[in-house]
Enquirer: 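Let me give you the structure first, and then I'll get to my questions.
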Amino acid sequence: MKSLRPWFKSALLAAGSVVFLFPLWWMVVVSLETPKRAGAAMTGQDGIALWPADPQWGNYAEALAEMGSEPWVGFVNALANSIVVTTLVVIGTVLSSSLVGFAFARLRWRGRGALFTLMLATMMLPGQVTLIPLFLLFRGLGWIDTILPLAVPAFFGNAFFIFMYRQFILQVPESLVEAAKVDGHGWLGIWWTVILPLCRPVTAICAVFTFIGTWNDFMGPLVYLHAEEQSTLAVALNSFRNQYGGLDDVHLLMAASLVTMLPCILLFIAAQRQFVEGLARGAVKG
Amino acid sequence: MAEVILQSVGKVYPGGVRAVQGVDLHVRHGEFIVLVGPSGCGKSTTLRMVAGLEEISEGTIAIGGRVVNDIAPSDRDIAMVFQNYALYPHMTVERNMAFGLERRRRHGSLLRSLLSPAYAAERRAESARIQARVDEAAGLLGLRPLLQRMPRELSGGQRQRVAVGRAIVRDPAVFLFDEPLSNLDAKLRGEMRTELRILHRRLGATMMYVTHDQEEAMGLADRIVVMKDGLVQQIGSPSELYDRPVNRFVASFIGTPTMNFVEGEVERDGNAHALRWAGGRITLPSGITLSTARAAIGIRPDTLAPVADGPFRGTVQSIEFLGDRADVLVESSGVRLNARVPTDSARSMREGESIALGMPSVVHVFDGDGQRAG
């Protein structure tokens with residue numbers, strides 16, 4: 001790439017961006033169309049619409065009001081449930097993964113190497129394999145139809161993020177940990193006051209990935225939460241699709257989908273700098 | 001202030017590696033003691049055992065009359081300055097300096113301060129005391145303008161000052177320094193050395209300092225501990241170590257340039273001993289007894305001088321001018337001798353020419369086992 005002229009490089013990247021951004025833009029356009037034009041856009045009768053002829057901003061309010069059996073209640077409930085579950089999972093994953101990563105990186109204890117290997121091995125297990133045993137376990141605990149099966153496992157760490165935190169913490173000079181010891185901190189204090197603040201780039205990656213994964217998680221809430229008022233946005237959106245999946249209502253489906261996606265996009269933009277820095281650092285030093 | 005007493009202290013790592021063996025050391029109140037030696041000699045391990053960062057495998061360490069073997073680093077009343085400064089990168093200079101004291105203060109809860117006005121007032125007073133101590137230390141080290149900066153915004157010398165300031169704020173019984181100047185350039189190192197010496201005089205504190213640089217040790221220490229392979233070789237003032245090294249290792253380690261050694265066979269010469277080597281023979285001073293067949297004499301480079309005729313005749317290999325002095329390397333009958341001579345004297349020499357060096361009045365004699373004789 002070094003030999004390419006700057007303008008050509010920019011043009012190439014812009015063309016690549018268009019490929020990735022077009023579906024999103026198309027969703028925005030369809031979500032603002034009238035029912036008739038949206039249906040036509042879906043079937044390709046009008047060609048591909050690149051700009052809404054007469055933006056129907058009311059589509060968004062209509063779509064959100066129609067989510068669930070009572071106007072607005074379904075959407076507000078689903079949004080609240082998604083926020084609660086996602087917040088708990090993000091907090092749990094960051095805290096537990098960084099703590100365990102710190103223990104693997106800095107504490108000397110018998111069996112550390114073997115347990116680390118074992119933990120890495122769990123990454124090879126597909127989620128579907130553990131789904132039924134976990135369901136039976138949570139049912140045995142009486143946790144079905146509560147958010148506990150979704151939130152509690154997050155507080156026991158995530159193998160991939162533990163690995164990332166460990167690799168990052170290994171780069172932190174040992175003398176910082178020792179200085180904190182001389183300053184009177186125990187292991188937990190060192191983790192909380194010195195290590196965790198230094199792990200910001202990894203925490204950004206961990207938080208963003210976990211947020212997106214949990215916010216968009218469909219299977220977990222579908223399996224463990226059955227009542228409509230317990231639905232998260234992903235499940236509510238699926239019910240909405242079943243109800244409004246026809247060509248006449250596709251503008252509403254797109255509007256609801258966009259609202260569901262919006263927090264992920266905003267979070268990524270907000271954390272972008274830390275996120276990219278963390279990935280780059282992992283690539284160089286990890 | 002406090003004294004530090006190490007009795008038969010040893011460190012054995014898992015796997016049986018003995019890093020430190022039988023160290024006996026009494027650091028007096030207000031003394032500046034420097035542990036010096038080559039890499040892997042156990043000097044840092046010894047310091048870290050005093051700090052509580054390494055477990056003590058054998059013996060006892062007492063600080064201020066209290067055995068601290070099983071006491072946590074934070075409760076030993078010590079402060080440590082690390083080689084890479086170990087400043088917390090996410091905290092300002094001010095917070096870095098106050099961090100250790102804040103930690104002690106935080107034992108009370110925020111909730112308690114909300115519920116009890118008296119307790120809240122006490123906490124505020126304590127915060128003010130911490131602030132005052134940080135300010136005092138910052139003033140002492142010229143750090144006041146830097147208090148709100150982050151460590152990444154500081155130069156190496158400034159970081160080093162902050163690390164020292166952080167130690168001062170704690171007002172410890174003993175200061176521990178683990179090669180704190182080795183990351184600085186030569187000029188700054190010299191300046192900081194002087195500042196540390198002045199600081200020691202001002203504070204009157206007990207200080208233990210580790211370095212591999214013998215010049216630094218000579219410049220800073222009241223007493224020096226020379227270590228090798230985990231063993232203490234000699235403890236003494238800089239002049240004692242320079243003038244009467246107990247063995248060849250100390251003799252060669254202390255002093256710049258390194259001491260010259262001429263090895264040879266021991267012969268009887270009446271009541272005295274003599275040393276014969278390929279280039280000649282000298283009678284050793286009376287009173288020196290040698291029980292080994294071979295021995296060596298050690299000659300400090302600054303005691304060698306060119307003469308018209310002397311026992312060390314050889315060829316000048318190189319001349320390095322250092323300003324007011326010059327180092328002249330002479331090869332004489334297979335022995336390389338380094339002479340530090342006045343520049344004027346070196347100007348008349350040429351590389352490759354033959355010269356003679358005289359026998360100095362002071363020589364150090366070491367037996368075949370490398371121990372000092374006489």
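This is a predicted model, so every value here is computed, not measured. All values below come from the heavy atoms of this structure, side chains included, with hydrogens, waters and symmetry mates left out.
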Enquirer: Counting only heavy atoms not in A:Met123, do more than 12 fall under 6.0 Å of its CE?
Expert: yes

Enquirer: Provide the closest heavy-atom pair for B:Arg170 versus A:Val182 in the form atom of the first, atom of the second, distance.
Expert: NH1-O, 3.0 Å

Enquirer: A quick test of your reading: do over 12 heavy atoms of other residues, nucleotides or ligands sit less than 6.0 Å from CZ of B:Arg133?
Expert: yes

Enquirer: May I ask you to check whether over 12 heavy atoms, not counting those of A:Trp192, lie within 6.0 Å of atom CH2?
Expert: no

Enquirer: What are the two closest heavy atoms between B:Met91 and A:Thr193, and how far apart are they?
Expert: CE-O, 4.0 Å

Enquirer: Would you say CD of B:Glu55 has more than 12 non-hydrogen atoms from neighbouring residues, nucleotides or ligands within 6.0 angstrom?
Expert: no

Enquirer: Testing the basics here: between A:Leu198 and B:His90, what is the closest heavy-atom pair and its distance to 0.1 Å?
Expert: CD2-ND1, 3.5 Å

Enquirer: Evaluate the criterion side chain to side chain contact (heavy atoms under 4.5 Å, CB included) for residue pair A:Glu178 and B:Arg48; output intermediate values, then yes/no.
Expert: CA-CA 10 Å; A:Glu178 290 177 344; B:Arg48 290 166 59 80; 2.5 Å; yes

Enquirer: What part of B:Arg166 gets closer than 4.5 Å to chain A, counting heavy atoms only: side chain, backbone, both or neither?
Expert: side chain

Enquirer: Heavy-atom count check: over 12 atoms from other residues, nucleotides or ligands less than 6.0 Å from B:Tyr13 OH?
Expert: yes

Enquirer: For atom CD of A:Glu174, is the number of surrounding heavy atoms from other residues, nucleotides or ligands below 6.0 Å larger than 12?
Expert: yes

Enquirer: Apply the side chain to side chain contact (heavy atoms under 4.5 Å, CB included) test between B:Pro89 and each candidate in A:Val194, A:Leu176, A:Val172; give the one that qualifies.
Expert: A:Leu176

Enquirer: Give me the atom names and distance for the closest heavy-atom approach of B:Phe82 to A:Ser175.
Expert: CD2-CB, 3.8 Å

